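Just so it is clear, the model here is predicted, and its values are computed rather than measured.
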Amino acid sequence: MTVLMPALAIVVCALPAGAAEAGRVHGGDRGGVPAKVQRALVRWDVSGAREILDSLPPGRPPLALWYEGQVEFLSGRYGKALEHFELLEQLGGAGPGLREMARLTRDTVELSQNLTPHESEHFVLFVDEGRDRILAEPALQTLEAAYDSLGSWLGLHPGERIRVEIIPDAEAFERVSSLSRTEIETSGAVAICKFNKIMLLSPRALLQGYRWRDSLAHEYIHYLLVHLTANRAPVWLQEGVSRYGETLWRSPESLWLGKAQESIFARALREGALIPFESMDSSLVSLPTMGKVQLAFAECALAVEYLLREWKIEGLRGLLKKMAS
């Protein structure tokens, strides 16, 4: 997720409900096919999850509807996903996770009806044609530059076309990102990589805008990290790599450390107020103030800078690869 001053991003688990909801729908069975599908969904391996579900025999249990709905949602087929969730509700499987997923899907369907797709070689970008059409070309240019430079940096060039949405206003961003208003207002969040896509609040929605092109690159790094690590990287590493690398699409060297970050560090060191990594475990947006969020991002980026200085990029790639296994 990207927040303002400085821009940042936080990746959140792929879905708001997973194994716990599956247990309610299926009577607690957490092994076999359900476990395999869940692992695929958490790492956004949509094709792998679909292949497992397609291998099931006819007369599928309600659990299959739950997972098929999630696969459709992560594939961007929101209307089809909603059909699965509504049918599951009719069958009496409406636990809290399902109700939240159905609500989120309905909101996403409503938003998607008002957005127009623009495609490049590796991305499909959805924008409000009336208000944000002017952003489409520079956004796709940024994303393709990030695909080349950041893919080479981390060692991954995805084969699938990646979905990106520029959300026209703050109210819609709150509804489809699944972040609460408190989290957004406290952290200043303006972008997030979640549900196998990138969502970015239109810079038009803020009085002075923000570095939205760097935010796109930041979120794209999160997308790569989910796939490189099977979504197992700790928050500090996710955010550190994304913060450090977010300017590499436009500069051969990282530009993450500026005067503002130096000032934040100096004050934290002077006051003995550095934030332990374990306090960041759930999400940086859960920290109590924007100042602490900014400090946490700076600490994460500094840690990654240290790893790169000691291990070089080959060492960082090796660490990410080991996390996946």
Side-chain angles (χ1 to χ4, degrees), residues 1-2 7-15 40-51 70-78 80-81 104-105 108-109 111-112 115-128 132-133 135-168 173 176-178 190-202 212-231 233 238-239 241-242 245-250 320 324:
M1 170 186 317
T2 300
L8 58 87
I10 298 169
V11 72
V12 190
C13 188
L15 296 163
L41 290 172
V42 167
R43 66 191 297 168
W44 298 350
D45 179 8
V46 177
S47 60
R50 191 184 299 278
E51 183 177 340
Q70 295 188 48
V71 167
E72 297 294 351
F73 188 88
L74 291 180
S75 301
R77 291 188 280 270
Y78 303 119
K80 194 69 176 176
L104 177 66
T105 307
T108 305
V109 168
L111 172 69
S112 298
L115 300 182
T116 302
H118 297 262
E119 294 188 0
S120 64
E121 184 177 359
H122 302 105
F123 297 87
V124 54
L125 173 72
F126 291 81
V127 300
D128 184 306
D132 291 325
R133 172 65 179 82
L135 301 176
E137 184 175 352
L140 288 172
Q141 290 173 350
T142 301
L143 289 164
E144 289 294 344
Y147 182 90
D148 291 338
S149 59
L150 298 174
S152 297
W153 184 53
L154 292 176
L156 177 64
H157 291 91
E160 70 280 359
R161 185 172 273 137
I162 301 157
R163 185 182 181 105
V164 182
E165 298 169 353
I166 296 182
I167 312 301
F173 183 73
V176 301
S177 68
S178 78
V190 290
I192 189 169
C193 180
K194 194 172 182 179
F195 308 128
N196 198 33
K197 64 181 177 181
I198 294 168
M199 292 172 278
L200 181 94
L201 178 62
S202 170
W212 64 277
R213 299 180 78 175
D214 285 351
S215 294
L216 280 174
H218 184 120
E219 303 306 328
Y220 180 61
I221 294 173
H222 276 297
Y223 182 90
L224 294 178
L225 290 175
V226 169
H227 290 271
L228 285 166
T229 69
N231 212 357
Q238 276 269 2
E239 297 306 338
V241 174
S242 299
E246 67 184 29
T247 57
L248 294 179
W249 70 275
R250 60 183 174 90
L320 300 175

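Distance SG/Cys193 to OH/Tyr220: 10.5 Å, rounded to 0.5 Å. Distance check: Tyr147 OH to Ser120 OG gives 10.0 Å after rounding to the nearest 0.5 Å. Rounded to the nearest 0.5 angstrom, Leu216 CG and Glu246 CD are separated by 11.0 Å. Here CD1 of Ile167 is found 4.5 Å from CG of Leu111. Values are rounded to the nearest 0.5 Å. How far CD1 of Ile162 is from CG of Asn196: 8.5 Å, rounded to the nearest 0.5 Å. From His118, atom NE2 reaches atom CD of Glu137 across 10.5 Å, with rounding to the nearest 0.5 Å.
The shortest distance between side-chain heavy atoms of Ser202 and Asp128 does not fall below 4.5 Å. Looking at heavy atoms from C-beta onward, His157 lies in side-chain contact with Ser152 at the 4.5 angstrom threshold. Looking at heavy atoms from C-beta onward, His227 lies out of side-chain contact with Leu320 at the 4.5 angstrom threshold. Contact of the Trp212 side chain with the Leu135 side chain is registered, since non-hydrogen atoms from C-beta on lie closer than 4.5 Å. Put simply, the side chain of Val164 does not reach to within 4.5 Å of the side chain of Leu200, judged on heavy atoms. A heavy-atom distance below 4.5 Å is not found between the side chains of Ile221 and Leu248.
Other residues, nucleotides and ligands contribute at most 12 non-hydrogen atoms within 6.0 Å of the CD atom of Glu51. Crowding of Gln141 atom CD: a count of heavy atoms from other residues, nucleotides or ligands under 6.0 Å exceeding 12.
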Might you work through the side-chain contact (heavy atoms from CB on, under 4.5 Å) test for Trp153 and Val241, ending with a clear yes or no? CA-CA 11 Å; Trp153 184 53; Val241 174; 3.9 Å; yes

Go through the steps to decide whether His222 and Ile192 satisfy the test side-chain contact (heavy atoms from CB on, under 4.5 Å), and finish with yes or no. CA-CA 9 Å; His222 276 297; Ile192 189 169; over 6 Å; no

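Residues satisfying the side chain to side chain donor-acceptor pair (under 3.5 Å) criterion with Ser75, sequence neighbours excluded, are Arg50.
Nearest heavy atom pair, residue His218 against residue Ser242, reads NE2-CB, 3.3 Å. Nearest heavy atoms, Ala81 versus Phe73: CB-N, 3.6 Å. Of all heavy-atom pairs between Ala139 and Leu125, the closest is CB-CD2, 3.7 Å. For Leu41 against Ala49, the heavy-atom pair with the smallest separation is CD2-CB, 4.0 Å.
Distance alone, capped at 3.5 Å, is enough to place a donor-acceptor pair between the Glu144 side chain and the Glu121 backbone.
The closest side-chain donor-acceptor pair between Trp249 and Asp214 falls under 3.5 angstrom.
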